[in-house]
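The structure appears right after this line, and notes come after that.
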Amino acid sequence: MPEGHTIHRLAAQHKDMFAGAAVRATSPQGRFAQGAALLDGRVLEGTDAHGKHLFHRYAGDVWLHVHLGLYGAFSHGGAPPPEPRGALRLRLVGETTYADLRGPTACEVIETPRRTVLLARLGPDPLRADADPVVAWRRVSRSPAPLGALLLNQQVLSGIGNVYRSEVLFRAGIAPHRPGRELAAAEWDALWTDLRRLLRAGVRSGRIVTTRPEDRRRGRAAAADRCYVYRRVGEPCRRCGTPVRAQLMAARTVSWCPHCQPR
DNA sequence: GCTAAATGTTGAT
DNA sequence: TCAACCTTTAGCT
């Protein structure tokens, strides 16, 4: 269930699990057999995440590039791994742990030039220390497109998915329909800062929780009331009780509260 | 057992 | 703008 926080978390986990030693790579499903053969026996030198793209750097300018897409997922455990079950695209086995990858949109072995092309398509990632929010602001502030679409556009900024886009706009009190060019610079700064805070919390916990404790029902754990508006169409807003609305925007369902986020 | 939906992207129209 | 694609799971029957 991948937005940017999932990918950065995986990069850190895989570095801990495998870096500095040779890994065994197989593709029990067969669809990545050639790539796995290229990786098998190589030493993992480091990991990296840009937006929703995960990279492993192996010795000899060999990179593994993974994009989980909508359904992709890793599962991890201690070595030795169990018998492969189901459609298992890639299995990496280290000295003490293993990682299984299922259902990714992209799983490929690449070299630096291809990686450069991939990264050139991505806007700044709020989770990265080298990200410059002004680069995204230039695009946003000149665009007639609604913010709800701009936030999902990985060329504008990267790592934001359908949950974070609805939730960060609720937290800012901004309707997703507002055109980017009608946003004030201070509002963009606040959105960027809040996105970074939310994403970092997601990396730490491994789940998306955007509600403040005072906005959760009494006694409810964060997991129960984790979002303000995402997938809550028709339910009462946690702040004002107005029914949450939803519509398609940029080919995905965006949700908002018409009272807390006036047009 | 079947169907629809899901935190996404790409390439064709 | 739309369909295709990758896979699992929830909610039906």
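Since we're looking at a predicted model, the values are computed, not measured. Reminder, nothing fancy here: chain letters follow the sequence lines and each chain counts from 1.
In this structure, Arg165(A) places its CZ atom 14 Å from C1' of dT9(B), rounding to the nearest Å. With rounding to whole Å, Arg85(A) atom CZ is found 16 Å from dT7(C) atom P. dT8(C) atom P lies 13 Å from atom CG of Leu70(A), rounded to whole Å. Distance CD (Gln155(A)) to P (dG8(B)): 16 Å, rounded to an integer number of Å. Rounded to an integer number of Å, the gap from CG of Leu248(A) to P of dC2(C) is 9 Å. Rounded to an integer number of Å, the gap from CD of Gln247(A) to C1' of dT1(C) is 16 Å. With rounding to whole Å, Glu108(A) atom CD is found 15 Å from dC6(C) atom P. Rounded to an integer number of Å, the gap from CZ of Arg9(A) to C1' of dT7(B) is 15 Å.
Ring geometry, Phe55(A) versus Trp63(A): the interplanar angle exceeds 60°, so the pair is classed perpendicular (tilted spans 30 to 60°). The aromatic rings of His5(A) and Tyr164(A) lie perpendicular to each other, with more than 60° between the two planes, well past the 30° mark.
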Let's go through His177(A) and Gln247(A) carefully: what are the C-alpha distance in whole Å and the side-chain angles of both, what is the deciding distance for side-chain hydrogen bond (donor to acceptor under 3.5 Å, both in side chains) to 0.1 Å, and is it a yes or a no? CA-CA 10 Å; His177(A) 316 79; Gln247(A) 71 168 71; 3.0 Å; yes
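A distance of 6.5 Å separates CG in Leu169(A) from CD in Gln261(A), rounded to the nearest 0.5 Å.
Here the separation of dT7(B) from dT1(C), taken at their C1' atoms, is 23 Å to the nearest Å. Between dT13(B) and dC5(C), the two P atoms lie 14 Å apart (nearest whole Å). Rounded to whole Å, the separation between the P atoms of dA12(B) and dC6(C) comes to 16 Å.
Of the candidate nucleotides dG8(B), dT7(C), dT10(B), dT10(B) has the atom nearest to the side chain of Arg121(A). Distances were taken from every side-chain heavy atom of Arg102(A) (C-beta onward) to each of dT9(B), dT8(C), dA6(B); the shortest belongs to dT8(C). With dT7(B), dT9(B), dC6(C) as the choices, the nucleotide that has an atom nearest any side-chain atom of His67(A) turns out to be dT9(B). For Asn162(A), whose side chain is taken as the heavy atoms from C-beta onward, the closest listed nucleotide among dT9(B), dT7(C), dT7(B) is dT7(B). The side chain of Arg231(A) sits closest to dA5(B) out of dT7(C), dT9(B), dA5(B).
Distances shorter than 4.0 Å separate none of the side-chain N or O atoms of Tyr71(A) from OP1 or OP2 on dC5(C). Here Lys52(A) does not reach the OP1 or OP2 of dT7(B): none of its side-chain N or O atoms lies under 4.0 Å away. Between dA6(B) and Arg252(A), no contact under 4.0 Å exists linking OP1 or OP2 to a side-chain N or O.
In summary, Arg115(A) and Asp48(A) engage in a salt bridge, as defined by a charged side-chain N under 4.0 Å from a carboxylate O.
Within 4.0 Å (heavy atoms only), Gln29(A) reaches sugar-phosphate atoms of the nucleic acid but no base atom.
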